[in-house]
Amino acid sequence: QVQPVESGGGSVQAGGSRRLSCKFSGYTSGYNCIAWFRETPGKEREGVAAYQIPDGRTEYGDFAKGRFTISGDTADHTVDLQMTSLKPEDTGMYFCAAHDGFCSSDFPFLRHLIRNWGQGTQVTVSS
């Protein structure tokens with residue numbers, strides 16, 4: 001099983017950038033989806049972006065389009081999330097997750113497929 005571990009969280013001022021990294025172990029071959037989700041105050045866990053291994057296809061949550069970029073390095077077993085133009089409402093716990101199969105643009109559906117979650121990394125955006 002693919003097991004993800006996040007890093008890169010911290011504090012940043014509004015308008016700034018932050019790069020999160022997900023190191024995933026246990027991958028050998030085949031299709032896997034590595035996705036970032038987040039929990040922000042008062043909201044359910046929502047999908048941020050997803051990266052399809054091995055073909056590199058990506059999906060984004062509506063709020064992430066144009067501001068966040070997901071990228072992957074299968075050989076290095078990492079999937080990064082570059083976040084720019086951060087807003088205070090982006091404050092929350094960010095989780096990396098792995099699904100043995102295909103990504104989906106339907107993030108609630110994808111969330112229910114996922115069996116392997118990281119512990120999360122906190123991102124705090126101050127105004």
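Heavy atoms only: backbone and side chains are in, while hydrogens, waters and symmetry mates are out.
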Quiz item: In Å, rounded to the nearest 0.5 Å, how long is the span from OH of Tyr31 to CZ of Phe102?
Solution: 5.5 Å
Quiz prompt | Plane angle bin for His77 and Phe24 - parallel if under 30°, tilted between 30 and 60°, otherwise perpendicular | solution = parallel
Exercise. Output, in order, the C-alpha distance, side-chain angles, deciding distance and verdict of side chain to side chain donor-acceptor pair (under 3.5 Å) for Asp80 and Ser21.
Key: CA-CA 4 Å; Asp80 290 352; Ser21 186; 2.8 Å; yes
Quiz item: So Phe37 and Glu46, side-chain contact (heavy atoms from CB on, under 4.5 Å) or not? Walk me through it.
Solution: CA-CA 5 Å; Phe37 284 75; Glu46 61 181 345; 5.7 Å; no
Practice problem: Kindly write out the residues that satisfy salt bridge (Lys or Arg N to Asp or Glu O under 4.0 Å) with Asp62, not counting sequence neighbours, or none if the list is empty. | Solution: Lys65
Quiz item: Does the ring of Tyr94 carry Arg18 above it, NZ/CZ under 6.0 angstrom from centre and within 45° of its axis?
Solution: no
Quiz item: What closest approach, in Å, do Gln13 and Val125 show between heavy atoms, and which atom pair accounts for it?
Solution: C-CG1, 4.0 Å
Exercise. Would you name the heavy atoms of Leu86 and Val12 that are closest together and state the gap between them?
Key: CD1-CG1, 3.6 Å
Quiz item: Does a side-chain heavy-atom distance below 4.5 Å link Pro108 with Asp106?
Solution: yes
Self-check item: Nearest-0.5 Å distance, CZ of residue Phe107 to CG of residue Leu113
Solution: 12.0 Å
Exercise. Measure the OH-CD distance between Tyr51 and Glu59 for me, rounded to the nearest 0.5 Å.
Key: 13.0 Å
Quiz item: Looking at Trp117, is Arg45 sitting on its ring face, NZ or CZ under 6.0 Å from the six-membered ring centre and within 45 degrees of the normal?
Solution: yes
